[in-house]
Amino acid sequence: IKLDQAVTLAAGLSTVNTKITVDATLLDGGKAGDLANVTLTTGSGADTVIFTGGATWVGVAGDGDSIIVSTGSGADTISVTVGTLLAQTTSAPVTITGGTGADTITAVHVNGGTTGNFTFAFADGDSLAASRDKITGFDMGSGTLFSDTLDFAGTSTIQANTTATNGTD
């Protein structure tokens with residue numbers, strides 16, 4: 001992908017298994033206002049979306065580019081790799097919406113400062129107990145680095161408390 005070039009793949013109506021691989025190792029996350037967002041949308045198949053930005057994709061302090069991944073229904077596999085994110089305050093540097101189905105999401109990154117992080121978005125009914133999404137690489141943050149965000153849209157339902165079994169409740 002050319003530096004400072006917007007990329008959009010709009011395959012939301014697709015009903016077949018789709019594999020998207022984006023090599024964005026030459027990109028840096030842009031500069032304020034250049035609108036070089038990467039938007040990847042798939043439909044109802046068991047889709048695979050791989051975005052590799054590498055250590056050079058860090059966003060911009062202030063307003064930088066965004067990586068937006070949205071998959072529809074199906075057991076999707078999503079992987080996004082970027083560098084240490086800068087304090088991007090106007091737009092989220094990375095937003096991942098897995099859709100319905102048991103999605104497997106891998107995030108490779110380090111959040112920087114107090115802003116600039118991954119957002120994992122879930123609509124009501126998208127991640128149920130029997131078909132929940134699995135996220136590897138969720139950055140919990142620390143005293144100096146910001147945590148990733150879980151964005152639960154709509155009305156969330158919390159399952160009743162059960163006897164604790166690590167990793168399954």
Side-chain angles (χ1 to χ4, degrees), residues 1 3-10 12 20-42 47-72 76-128 132-158 167:
I1 298 173
L3 186 61
D4 298 331
Q5 179 68 45
V7 175
T8 299
L9 179 89
I20 302 167
T21 302
V22 176
D23 179 350
T25 52
L26 297 178
L27 300 183
D28 57 8
K31 54 187 176 281
D34 74 356
L35 301 176
N37 295 329
V38 176
T39 305
L40 308 171
T41 306
T42 65
D47 304 317
T48 300
V49 177
I50 301 168
F51 178 93
T52 305
T56 59
W57 205 102
V58 296
V60 170
D63 185 14
D65 298 332
S66 297
I67 301 166
I68 302 159
V69 177
S70 180
T71 59
D76 303 315
T77 301
I78 302 166
S79 175
V80 177
T81 301
V82 297
T84 299
L85 298 172
L86 299 175
Q88 191 162 311
T89 56
T90 304
S91 55
V94 180
T95 301
I96 298 172
T97 306
T100 57
D103 302 316
T104 302
I105 302 169
T106 303
V108 179
H109 68 295
V110 174
N111 292 334
T114 57
T115 58
N117 62 314
F118 272 48
T119 298
F120 301 94
F122 303 91
D124 186 23
D126 277 1
S127 189
L128 304 174
R132 67 188 179 277
D133 294 346
K134 295 167 185 68
I135 301 172
T136 302
F138 184 93
D139 193 338
M140 295 292 288
S142 66
T144 58
L145 299 179
F146 203 66
S147 174
D148 287 335
T149 300
L150 294 175
D151 181 4
F152 295 102
T155 304
S156 300
T157 303
I158 300 173

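- Annotation: side chain to side chain contact (heavy atoms under 4.5 Å, CB included) contacts of S147 (sequence neighbours excluded): F138.
- With sequence neighbours excluded, no residue satisfies side chain to side chain contact (heavy atoms under 4.5 Å, CB included) with T56.
- Once rounded to the nearest 0.5 Å, the distance linking CD1 of I105 with CD1 of I78 reads 4.5 Å.
- With sequence neighbours excluded, the residues that form a side chain to side chain contact (heavy atoms under 4.5 Å, CB included) with I68 are T39, S66.
- Using modelled atom types, one side-chain atom of D139 and one backbone atom of N111 make a donor-acceptor pair closer than 3.5 Å.
- Under the side chain to side chain donor-acceptor pair (under 3.5 Å) criterion, T106 pairs with no residue, sequence neighbours left out.
- Remark: of the listed residues I20, T48, V49, T77, V49 is the sole one forming a side chain to side chain contact (heavy atoms under 4.5 Å, CB included) with T71.
- Although no hydrogens or angles enter the test, the distance criterion places a donor-acceptor pair under 3.5 Å between the side chain of Q88 and the main chain of D65.
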Side chain to side chain contact (heavy atoms under 4.5 Å, CB included) for L150 and I135? Distances and angles first, verdict last. CA-CA 11 Å; L150 294 175; I135 301 172; 4.2 Å; yes
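- Annotation: the span from I50 atom CD1 to D23 atom CG amounts to 11.0 Å, rounded to 0.5 Å.
- Remark: V82 pairs with F51, W57, I67, V80, L85, H109, F118 by the side chain to side chain contact (heavy atoms under 4.5 Å, CB included) rule, at least two apart or across chains.
- D103 meets the side chain to side chain donor-acceptor pair (under 3.5 Å) test with no other residue; sequence neighbours excluded.
- A distance of 8.0 Å separates CG of D133 from OG1 of T104, quoted to the nearest 0.5 Å.
- Note: T149 OG1 to I96 CD1 = 12.0 Å, rounded to the nearest 0.5 Å.
- Using modelled atom types, one finds no donor on one side chain facing an acceptor on the other under 3.5 Å when comparing T119 with D151.
- The heavy-atom pair separating K134 from R132 by the smallest distance is NZ-O, 3.7 Å.
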